[in-house]
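Let me begin by presenting the structure, written as structure tokens, before commenting on it.
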Amino acid sequence: MPEHPFELRGAMKRYRDFTLGPINLTVPRGYIMGLIGANGAGKTTAIKAALGAIRLDDGEASTIDKCRVGVVLDRPCWNPAWRARDLERLLSPLYPTWDRARFAGLL
């Protein structure tokens, strides 16, 4: 098992009005991490990159065993107009044991 469950290596993400990185960030096994900074500093972008919720433009990101990583964001990372199937497309890749039938049943 890798030594660091959460890691960004030379990670870069470019948006029209903002660029994150390059950033290197390692959270050792057993640690709890919080990111503190000004709005727009890239905290949420860094977390989303490590979780695989966004694609990096450069560098690498890894999070092992996503079922054991807890993340609390200040607002949902989806469009409020999306339907349940849109949310499933966003969320299911983040969970290795996603059960589509269970998700449909819970709806």
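Along the sequence shown, residues are numbered consecutively beginning with 1. Since this is a predicted model, take the numbers as computed values, not measurements.
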Which atoms form the tightest heavy-atom contact between Pro28 and Thr26, and what is the distance? CD-O, 3.7 Å
Trp82 vs Arg89 side-chain heavy atoms within contact, under 4.5 Å: no
If Ile, Leu, Val, Met, Phe, Trp and Tyr residues are connected whenever their side-chain heavy atoms lie under 4.5 Å apart, and connections chain through other members, are Phe18 and Leu25 in the same group? yes
Quick one: are Ser62 and Arg9 in side-chain contact, heavy atoms under 4.5 Å? yes
Flag side-chain contact, heavy atom, 4.5 Å: Lys13 against Thr19: no
Do you know which two heavy atoms are closest between Arg102 and Asp99, and how far apart they sit? N-OD1, 3.0 Å
Is the shortest heavy-atom distance from the side chain of Phe103 to the side chain of Leu91 under 4.5 Å? no
Side chains of Leu8 and Asn24, heavy atoms from C-beta outward: is any pair under 4.5 Å? no
Verify the cluster assignment for Ile23 and Leu56: are they in a single hydrophobic cluster under the rule of side-chain heavy atoms below 4.5 Å apart? no
Quick check: is Leu107 connected to Trp98 through a chain of hydrophobic side chains (ILVMFWY, heavy atoms under 4.5 Å apart)? yes
Any idea which heavy atoms bring Ala49 and Ala61 closest together, and the distance? O-CB, 3.4 Å
Tell me, do Asp57 and Tyr15 make a side-chain contact under 4.5 Å, heavy atoms counted? no
Shortest non-hydrogen separation from Leu20 to Ala41 and the atoms involved: CD1-O, 4.4 Å
In terms of heavy-atom contacts, Glu88 and Pro93 come closest through O-CD, 4.2 Å
